[in-house]
Amino acid sequence: MRNTGLYLLLLTLCCACSREPLDGEFIDMSGYDVPCIEAVEVKHRVTEEECYGIFDVRTAEGKVIITKEFSDNLIHVIDPESGAVAATVLHLGRGPGEAVNSYYIGMSEDRSRFWAKDLALNQINIFDTRSVLQGSRQPLRTVRLNRYSGTEMDIMPVGDSIYTCSQLGGTVMRFNVYDSTGTYIRSFGTFPRLRGTAGLKDYARPSVFGGHAVYMEDCSRFAVANDCISLISIYSPEGTIISNAWGPEEVLPMYEVKEGGSTGTGGVSISGESVGWDEEQIPAYYCLRSYGGKLYALFGGTAGKEGSGSTVVVTDSNGIPQMYIRLDRTLIRFDIDPERGTIWGVDSDNTLRQYRI
Amino acid sequence: MKRLLLLGLALLVSAALNAQIVTSSAALDPETVITDLSEPEGSGTMLISVSIDYSDGTDSTMYFVGNSPEAAFKAAGVSVPQITNMTNITNEDYIRRMLVHFKDRFSKVSLWVSVSATE
């Protein structure tokens, strides 16, 4: 009888030790032996002053496209060879071709179009890259969304529709879809069955699973890489999860759901801030890009927390890791041009960095 | 490293503030000096306030109307590296109430660019 008790205790301990982060099948990146290469930082000619207030970076046509504050124009296109500003768009304001703010830059996989959302005016300005380089300052299209569905930072124009993924509350589904005029159609998509989230309040899910979304043009799939959890989820166009990829390092911090999903400070109320994270939080994924059927996900992990570097995790369209690209600095936003072997990034001091791979 | 972790949150809070600010406003005193940088006069669409914290503990706020924050920074004698925060506020009721004593002079203003800087 005493042995049986001991056996049960050992079994319980074993079960506890092998507890998986997700219910059901998932891809454990640590189980894959993939090549790891070191990217080498190279100098560029973009001035430090040009980069003050920088938020995001993309690259197209050999140029660098940045969003920034403290300037009359929110998007600058820079020639990295000379450091000269080749074009500026989105003058600050509320008129045609103007915006009040713009943070993340979305881009088509062929880099022929780029776009940015004005969160204040709730509208998306879509530009033709070549037209901008030829001097056009007006967007190809401006679409004003007819409702706020959480803080939608990542925008994915697909055909005649515009898909978004909320980073904070305001919706209880993973994605929102609008028609070409910006009229809300529906929300869809489930959240991953992460350990400990089965009873999570609906309004808290977008915050717990807040992350960065892309549309993978080659395979018509969506992917989301999480901010605070080392998880990349791949979705079908209908919003069902095709696969969950866990890693390359386990990041699963503690968090606390705040009642009501809103907080207030002074006379200002902010809705949607529904989750408080552990102060010892380790950053997981900072940014996600998709080119040619591959995902390029910027991972922080322990190195990111220590400020000693980050990793670009390259996966196939199912989330299976193909390669790791190590960077000796911690970047918080990035873009990659696999054909040119170039990575552009913004580091934690808001400095623009260039790497060769 | 704290700055790194806070960046994403600051960005989102800033975004939320821009989009959903709900607050009470106070009208600018009729004696407030507002420098009109717009051409022609009165055509500016932005109220740009530049608040400077000086190293001796004092501070001052300058107000401009125009279409170029960069021109306002220059007029205030502030260089871009001195800027610590910039918030763009679109609530037109708030802006109207703030400019109630200046509504004839600056009728086109629909955006308030609030800038903080240190010297």
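All chains are named by letter (A, B, ...) in the order of the sequence lines, taking the proteins before the strands, and each is independently numbered beginning at 1. Just so we're clear, the structure is a prediction, and the values are computed from it rather than from any experiment.
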[X] versus [Y], closest heavy-atom pair with distance:
X       : Y       : value
B:Asn85 : A:Phe70 : C-CE2, 4.2 Å
A:Asp72 : B:Pro69 : OD1-CD, 2.9 Å
B:Glu70 : A:Ser71 : OE2-OG, 3.1 Å
B:Pro81 : A:Glu49 : CD-OE2, 4.3 Å

Are there more than 12 heavy atoms of other residues, nucleotides or ligands under 6.0 Å from atom CZ of A:Arg45?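 No.
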Look at atom CD of B:Glu92 and say whether more than 12 heavy atoms of other residues, nucleotides or ligands are closer to it than 6.0 Å.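 Yes, because the 6.0 Å sphere around CD of B:Glu92 holds more than 12 heavy atoms from other groups.
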Quick one: OG on B:Ser79 to OH on A:Tyr52, what's the gap to the nearest 0.5 Å?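 The OG atom of B:Ser79 sits 8.0 Å away from the OH atom of A:Tyr52.
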How many angstroms lie between CD in A:Glu69 and CD1 in B:Ile83, if you round to the nearest 0.5 Å?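 Reported value, rounded in 0.5 Å steps: 9.0 Å.
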So, A:His91 side chain and B:Ser68 main chain: donor-acceptor pair closer than 3.5 Å or not?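 Not a single qualifying donor-acceptor pair exists.
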A:Arg94 side-chain N/O to B:Ser110 backbone N/O, donor-acceptor pair under 3.5 Å: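 Yes; judged by distance alone, with no hydrogens or angles, the pair exists.
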Quick check on B:Val113 against chain A: is it the side chain, the backbone, both or neither that has a heavy atom closer than 4.5 Å?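 Only the side chain of B:Val113 comes within 4.5 Å of chain A.
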Below 4.5 Å from any heavy atom of chain A, which atoms of B:Thr45 appear? Answer side chain, backbone, both or neither.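 Neither part.
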Between chain B and each of A:Asn73, A:Leu92, A:Leu121, count heavy-atom pairs under 4.5 Å; write down the option with the most.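 Of the options given, most contacts go to A:Leu92.
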